[in-house]
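Take a look at the structure below.
Everything numeric in this text was worked out from a predicted model, so none of it was measured. All values below come from the heavy atoms of this structure, side chains included, with hydrogens, waters and symmetry mates left out.
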Amino acid sequence: MVPKPPKVLAGRQNWLKASDFKLDDLQAVLAHKLKLSDLTFADDIQQQVPLYDGPALLAQMHADTSGEQSAQIQSEWQWVWESGPGILVIKQAFADAQVIDRAKSLFDDIYQHEKLAERSATDHFAKPGANERIWNAAEKLCVEDPELFARYYGNELLRLAATAWLGPGYQITSQTNSVNPGGQAQVAHRDYHLGFMTPDQAEAYPAHIHRLSPALTLQCAIAHVDMPLESGPTLYLPHSQKYPLGYLLADCAPLHDYFATHRVQLALAKGDLVLFNPALFHAAGTNTSKDIKRAANLLQISSPFGRAMESVDRAKMSRLLFPQLKALAASGELSAAQIDAVIAASAEGYAFPTNLDLDPPRDGLAPPSQQALLRQALAEQWSEAAFELALERHGEKRTT
């Protein structure tokens with residue numbers, strides 16, 4: 001049977017609104033409690049977070065040449081991330097402590113070099129300078145020590161998890177983050193993609209995009225040192241990835257208050273791997289220790305499908321269109337809405353991917369897109385030369 005189209009109703013029926021937030025609705029989503037008997041491969045559940053023994057999982061996988069065991073583990077993890085608590089921990093996923101120590105030492109050297117060069121990174125969800133962050137740590141590790149990169153990322157459990165959520169063809173990006181003693185907690189947030197938008201920006205996307213966004217990324221953290229609770233390991237709100245309005249609540253005080261009193265926090269050991277749905281509310285904790293520099297490698301593993309079919313030189317199109325749009329706007333031949341439609345059909349509308357060393361999120365969660373630059377140039381009546389220079393610099397940040 002062909003489904004009938006929906007009835008035309010007043011208002012925007014397929015868009016979510018932050019004003020619809022009700023704490024009771026969130027609490028109902030969080031009410032489910034996972035039991036160890038619900039899972040087959042987990043060894044323990046602590047504060048609603050399933051824990052898996054990494055070496056034991058590897059032994060089971062290697063003993064089963066059919067691949068069926070691996071597929072069953074992946075199915076369990078898929079359920080945990082989507083319908084369960086949204087987070088799991090693989091203990092000793094990186095069992096070679098020497099590799100972890102070598103990587104941490106190299107990252108420390110890279111950070112000190114960037115600090116001396118006055119390239120210390122800003123942070124999406126913490127005050128600039130609060131943490132020791134390295135953007136594009138994956139490429140920098142590979143460039144500095146390819147052999148170490150191979151030993152570090154030649155991890156079967158990480159591969160198993162990434163393909164479980166994203167399938168083959170995924171891409172790994174990483175940023176290391178070290179929080180010194182006294183470093184303060186982040187604000188509770190969701191992650192890339194919609195999590196890197198303001199509530200107003202996220203509200204412009206229809207509800208099905210809010211459901212899709214978490215399926216495009218797997219969020220991971222590799223502990224590079226032991227992380228007792230006083231060092232401030234990440235805070236989590238299990239099951240919160242299932243709340244549909246979550247991407248609209250970055251500025252919601254009741255949500256932040258609830259998170260502060262109901263979040264969980266797990267101590268981690270060096271080599272542990274945390275993997276979670278990017279829609280799970282989380283935040284780095286406050287480091288109250290006197291002498292522990294909490295260090296982790298944060299991975300955003302991305303779906304291969306978030307790409308257009310054709311390669312388009314949108315900078316060239318923007319450069320050619322700018323004087324025409326300026327003239328058509330001045331003459332009134334195209335309305336503001338029509339100008340906006342032209343910009344949407346030509347310029348790049350997304351800020352990512354970019355080189356975050358050169359293009360950090362200084363005034364928000366993301367740097368400006370090519371479309372934002374074109375709109376600004378038109379609104380402020382820039383000269384063609386000024387726009388072309390700004391466009392060139394904008395592009396250089398994404399190709400350097």
Side-chain angles (χ1 to χ4, degrees), residues 3 5-22 25-26 29-30 78-79 81-84 86-87 124-125 162 164-167 169-171 173 187-220 237 239-252 255 275-282 300-310 312 314 337 340-354 361 364-372 375:
K7 293 181 179 179
V8 177
L9 302 173
R12 292 158 62 89
Q13 298 302 310
N14 194 39
W15 275 262
L16 304 175
K17 296 179 291 184
S19 58
D20 289 336
F21 170 72
K22 295 181 177 62
D25 293 340
L26 174 62
V29 170
L30 304 180
Q78 291 164 1
W79 182 88
W81 291 321
E82 183 174 14
S83 303
I87 177 175
H124 292 289
F125 301 102
W165 191 241
L166 303 164
Y170 60 83
Q171 288 192 316
T173 58
V187 296
H189 60 276
R190 287 179 164 183
D191 272 335
Y192 194 67
H193 292 263
L194 289 181
F196 279 23
M197 297 183 183
T198 65
D200 285 346
Q201 290 171 329
E203 203 168 74
Y205 289 84
H208 66 273
I209 301 299
H210 286 245
R211 296 191 295 270
L212 171 66
S213 186
L216 297 176
T217 313
L218 182 63
Q219 188 75 9
C220 315
L237 192 60
H239 301 279
S240 60
Q241 84 282 2
K242 295 176 283 190
Y243 184 62
L245 299 181
Y247 286 112
L248 307 178
L249 303 181
D251 300 327
C252 179
L255 178 277
L275 305 115
F276 57 96
N277 184 315
L280 188 81
F281 280 115
H282 64 282
Q300 288 77 40
I301 310 181
S302 296
S303 166
F305 292 149
R307 309 181 193 197
M309 181 179 290
E310 296 180 311
V312 179
R314 299 194 180 278
D340 197 59
V342 175
I343 293 173
S346 53
E348 173 58 57
Y350 200 34
F352 300 108
T354 189
L365 300 178
S369 69
Q370 199 178 77
Q371 286 188 10
R375 290 191 180 99

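Glu203 places a side-chain N or O within 3.5 Å of a backbone atom of Ala18 that can act as its donor or acceptor partner. Between the side chain of Gln171 and the backbone N or O of Ser302 there is no donor-acceptor pair closer than 3.5 Å. Arg190 places a side-chain N or O within donor-acceptor distance of the main-chain N or O of Ala279, the cut-off being under 3.5 Å. His189 contributes a side-chain N or O that, together with a main-chain N or O of His282, makes up a donor-acceptor pair within less than 3.5 Å. Looking at His193, its side chain never comes within 3.5 Å of a backbone N or O of Thr217 through a donor-acceptor pair. In this structure, Gln371 contributes its side chain and Ala347 its backbone to a donor-acceptor pair below 3.5 Å. Gln241 contributes a side-chain N or O that, together with a main-chain N or O of Gly84, makes up a donor-acceptor pair within less than 3.5 Å. Checked by atom type and distance alone, the side chain of Trp81 never pairs as donor or acceptor with a backbone atom of Pro214 at under 3.5 Å.
The ring pair (Phe, Tyr, Trp, His ring centres under 6.0 Å) search around Tyr192 returns Phe196, Phe352, not counting sequence neighbours. By the side-chain contact (heavy atoms from CB on, under 4.5 Å) test, Ala250 is found to be paired with Pro199, residues two or more places apart in sequence or in another chain being considered. Every residue two or more places apart in sequence or in another chain was checked for a side-chain contact (heavy atoms from CB on, under 4.5 Å) with Pro304, and none qualifies. By the ring pair (Phe, Tyr, Trp, His ring centres under 6.0 Å) test, Phe281 pairs with no residue at all, sequence neighbours left out. Not counting sequence neighbours, the partners of His239 by the side-chain hydrogen bond (donor to acceptor under 3.5 Å, both in side chains) test are Gln48, Lys242. The side-chain contact (heavy atoms from CB on, under 4.5 Å) search around Thr198 returns Asp200, Gln201, not counting sequence neighbours.
Residues Leu218 and Tyr170 fail the side-chain proximity criterion, which asks for heavy atoms closer than 4.5 Å. The shortest side-chain heavy-atom distance between Phe21 and Leu26 falls under the 4.5 Å cut-off. Residues His210 and Leu245 fail the side-chain proximity criterion, which asks for heavy atoms closer than 4.5 Å.
To the nearest 0.5 Å, the span separating CG on Leu280 from CD1 on Ile87 amounts to 6.0 Å. How far CG of Asn14 is from OH of Tyr205: 15.0 Å, rounded to the nearest 0.5 Å. Once rounded to the nearest 0.5 Å, the distance linking CG of Asp25 with CG of Leu30 reads 11.0 Å. Annotation: the span from Leu194 atom CG to Ile209 atom CD1 amounts to 8.0 Å, rounded to 0.5 Å. Here the CG atom belonging to Leu248 is positioned 9.0 Å from the CG atom belonging to Asp20, to the nearest 0.5 angstrom.
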**Message:** Before you tell me yes or no, could you show the steps for Asn277 and Trp165 under side-chain contact (heavy atoms from CB on, under 4.5 Å), namely the whole-Å CA-CA distance, both residues' side-chain angles and the distance that decides it to 0.1 Å?
**Reply:** CA-CA 9 Å; Asn277 184 315; Trp165 191 241; 3.9 Å; yes

**Prompt:** Run the side-chain contact (heavy atoms from CB on, under 4.5 Å) check on Asp340 and Arg375 step by step: do they pass?
**Reply:** CA-CA 8 Å; Asp340 197 59; Arg375 290 191 180 99; 2.7 Å; yes

